[in-house]
Amino acid sequence: MKLSKSSSVSSVVSNVDKHSTNTNLTTLFNKYVDKNNVFSWNSVIADLARGGDSVEALRAFSSMRKLSLTPTRSTFPCAIKSCSALHDLHSGKQAHQQAFIFGFHRDVFVSSALIDMYSKCGELSDARKLFDEIPQRIRNIVSWTSMLTGYVQNDNAREALLLFKEFLLEESECGGASENSDNVFVDSVAIASVLSACSRVTVNGVTEGAHGFVIKRGFDSEVGVGNTLIDAYARGGHVDVSRKVFDGMIEKDAVTWNSIIAIYAQNGLAAEALDVFDQMVKSTDVKCNAVTLSAVLLAIAHLGVLRLGKCIHDQVIKMDLEESVIVGTSIIDMYCKCGQVDLARKAFNQMKEKNVRSWTAMIAGYGMHCRAREALDLFYKMIKAGVRPNYITFVSVLSACSHAGLVQEGWHWLNTMGREFNIEPGVEHYGCMVDLLGRAGKLKEAYDLIEGMKVKPDFVVWGSLLGACRIHKNVDLGEIAAKKLFELEPNNCGYHVLLSNIYANAGRWEDVERTRTLMKNRRLAKTPGFSLVELRGKVHAFLVGDKEHPQHEKIYEYLEELNVKLQEVGYVTDMTSVIHDVDQEEKEMTLRIHSEKLAVAFAIMNSVPGSTIRIIKNLRVCGDCHTVIRLISKVVDREIVVRDSKRFHYFKDGLCSCGDYW
DNA sequence: GTAGGGTTAG
């Protein structure tokens, strides 16, 4: 695994963008002077709205109205825009009413702002009504774009594209003849919106087609268009094409850099994300901002490299971005995923402004650290604080219950979320609940829950059941779950392995053999497991049965020594995690060389006695490794923290924080 | 004199 040089990351210092200090009415009035002049008010409202200070903009609008000044047509668009930004339908409707009273509701600027406001507040049919009421002779590209974006933002990309088709027809028919012919041609903003729609329809090749249109119309050198193309290709799973677009852009702004960094981070390509960040820091014509650091923190969270995370946290403080909700939430997430849930809580407590995502990140953090009680306590606090939980919050709550085996609590929230919070359980919530029931041994209940689901069960749901069937040795339900999984993900061999383990457990060797042959014939390969361990600032990566690491021979020798000690405390190799295909001795070898064991051994050999060992694994830790690491923690008297793909395990004195329940 | 639509985030 290639990692970016951390030294250059810490040199970010010199190239930073202090976030703009909040403008306020007093400073603005000093700038525009005349309080009794409508135009002065218009400028103030516009400045505030443009600067993103929507609350102040609306306050200014209302102050102006209290002075009984008569608004002009230019007063409304910015006031309405501020309502859109705040998703404040109530104020939006009031502004609409006032625009009507003063006779500006037919103004095309006002109409476009209103269309945008209604769609951002989720009132798409009201937006469409206003759009249809605009006479064709004054309807321009902004009106079209507002409506188009409305569809995209309300998850109706197909309708957006149909509308664009209609637009193109009008553009070709009356583009030259209309009285506002200058405004009826497609522009770069409209194109960006269309590209965004393309990336959200599930049909292949739409983005590629639109890209062709972009080039034909000569918009390919526009930064905004390029930025949207980068995003569109990534949404379609073509991260490599995103990178090509990025590399081909002559002009790049902060959004361009942030987009590619975020894409890498979201797709698990953390090293690439950090590499691009490094280049961004070195480039002189663009400065990183809150969004940049948020994306970088996501990459670091993925890697679990605490030292780098702390480095970026320092950077956040230097850049005076501590009060940014976006950055604050990313810091919480980073600390949780780097195993420092208490540092995360400290950062959480220090946040002045918290939104639903900040609370959710902290709840999820407690969940993955098996601190379900704290997760639920925080959830109650959140509700008490008047913050409305969202879909993801409930996923985090149920997942916390699942990690801790809280069946009652799980049932309670699954049943209550729809009734009390108007959020219908989705496939992720059922996934957690099936996992929870399954691992608690309530397999029949889990299966019945799946059968009664209102949404189509996905691979997570069936995968949870299959996993539970392995733990509780249920062949019948295991076969049902596996059959569904083979249909849903025919190329994932993990399910074949699991089913095979279930057969092995039941002594059904013929079925084991059959599964194995099937895998061989379909050439299904197992995702290779790897583990990371950070030692004195350097990250060491280990693969299954690694023979690449310079110390590998010593590591294997040490593992042999450890094995003897483990057997003295009663350890017997658990064979069920391995396909029954080799003789006993060979099987033991296969097990022993799982990457997490190598990483643990390496870390014990090379670190200060008594220090905590931190490992990150890309897959779930297997049963045997779990037992071994648990016992190692006792034998060598070390605390060992393992982050697997699902959660954290804290091993100490021969016990694990998960209570062997995971 | 002043005005409306897009792309990056947890």
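Sequence lines set the chain letters: A, B, ... in the order given, protein chains first and strands last, and positions in each chain run from 1.
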> Checking only heavy atoms, does the side chain of A:Thr145 share a donor-acceptor pair with the base of B:dG5 at less than 3.5 Å?
Replying inline: yes

> Please give, in whole Å, the distance from B:dG5 C1' to A:Arg50 CZ?
Replying inline: 15 Å

>> Please verify the inter-ring angle class for A:Phe246 with A:Trp257; under 30° counts as parallel, over 60° as perpendicular, anything in between as tilted.
In response: perpendicular

> Quick one: is B:dG10 close enough that its OP1 or OP2 comes under 4.0 Å of any side-chain N or O from A:Gln266?
Replying inline: yes

>> Should the side chain of A:Asn227 and the base of B:dG6 be counted as holding a donor-acceptor pair, with the cut-off at 3.5 Å?
In response: no

>> Expressed as a whole number of angstroms, how long is the span from A:Ile115:CD1 to B:dG5:P?
In response: 11 Å

>> Between P on B:dT8 and CD1 on A:Ile263, what's the gap in Å once rounded to a whole number?
In response: 9 Å

>> Applying a 4.0 Å non-hydrogen cut-off, can you work out what A:Val152 is touching in the nucleic acid: base, sugar-phosphate, or nothing?
In response: nothing

> Is A:Phe109 stacked on the base of B:dA3, with ring centres under 5.5 Å apart and planes under 30° apart?
Replying inline: yes

> Between the base of B:dG4 and the side chain of A:Ser112, is there any donor-acceptor pair under 3.5 Å?
Replying inline: yes

>> For a side-chain contact (heavy atoms from CB on, under 4.5 Å) check, start with the C-alpha distance between A:Val194 and A:Phe167, then their side-chain angles and the critical distance, and finish with the verdict.
In response: CA-CA 11 Å; A:Val194 170; A:Phe167 165 80; over 6 Å; no

> Taking atom types as they are modelled, is there a donor-acceptor pair under 3.5 Å from the base of B:dT7 to the side chain of A:Thr228?
Replying inline: no

>> Tell me whether the side-chain N/O atoms of A:Lys81 come closer than 4.0 Å to OP1 or OP2 in B:dT2.
In response: no

> More than 12 heavy atoms of other residues, nucleotides or ligands under 6.0 Å from CZ of A:Arg128: is that the case?
Replying inline: yes

> Which part of the nucleic acid does A:Ala361 contact within heavy-atom distance under 4.0 Å: base, sugar-phosphate only, or nothing?
Replying inline: nothing

> Considering only heavy atoms from C-beta outward, does the side chain of A:Leu130 approach that of A:His105 to under 4.5 Å?
Replying inline: no

> Taking the six-membered ring for Trp, are A:Trp144 and A:Phe131 parallel (under 30°), tilted (30 to 60°) or perpendicular (over 60°)?
Replying inline: perpendicular

> Between A:Glu222 (CD) and B:dG5 (P), how many Å, whole number?
Replying inline: 17 Å

>> Does A:Asn37 reach a base, just sugar-phosphate, or nothing at all? Heavy atoms under 4.0 Å.
In response: base

> Looking at B:dG10, B:dG5, B:dG4, which one has an atom nearest to any side-chain atom of A:Lys120?
Replying inline: B:dG5

> The side chain of A:Ala190 lies closest to which of these nucleotides: B:dG1, B:dG5, B:dG10?
Replying inline: B:dG5

>> Under 4.0 Å, heavy atoms only, any strand: does A:Val108 hit a base, just the sugar-phosphate, or nothing?
In response: base

> In whole Å, what is the span from the CZ atom of A:Phe164 to the C1' atom of B:dG6?
Replying inline: 13 Å

>> Side-chain N or O of A:Gln153 versus OP1/OP2 of B:dG6: is the shortest distance under 4.0 Å?
In response: yes

> Rounded to whole angstroms, how far apart are CG on A:Leu297 and P on B:dT8?
Replying inline: 19 Å

> Are any of A:Arg73's side-chain N or O atoms less than 4.0 Å away from OP1 or OP2 of B:dG4?
Replying inline: no

> Between B:dG5, B:dG10, B:dT2, which one does the side chain of A:Ser43 approach most closely?
Replying inline: B:dT2

> Are any of A:Arg235's side-chain N or O atoms less than 4.0 Å away from OP1 or OP2 of B:dT8?
Replying inline: yes

> CD1 of A:Ile134 versus C1' of B:dG5: gap in Å, rounded?
Replying inline: 12 Å

> Out of B:dT2, B:dG6, B:dT8, which has the shortest distance to the side chain of A:Val255?
Replying inline: B:dT8

> Can you tell me how far P of B:dA3 sits from CG of A:Asn140, to the nearest Å?
Replying inline: 16 Å

>> Could you check whether any side-chain heavy atom of A:Ile332 comes within less than 4.5 Å of a side-chain heavy atom of A:Met351, counting everything from C-beta outward?
In response: yes

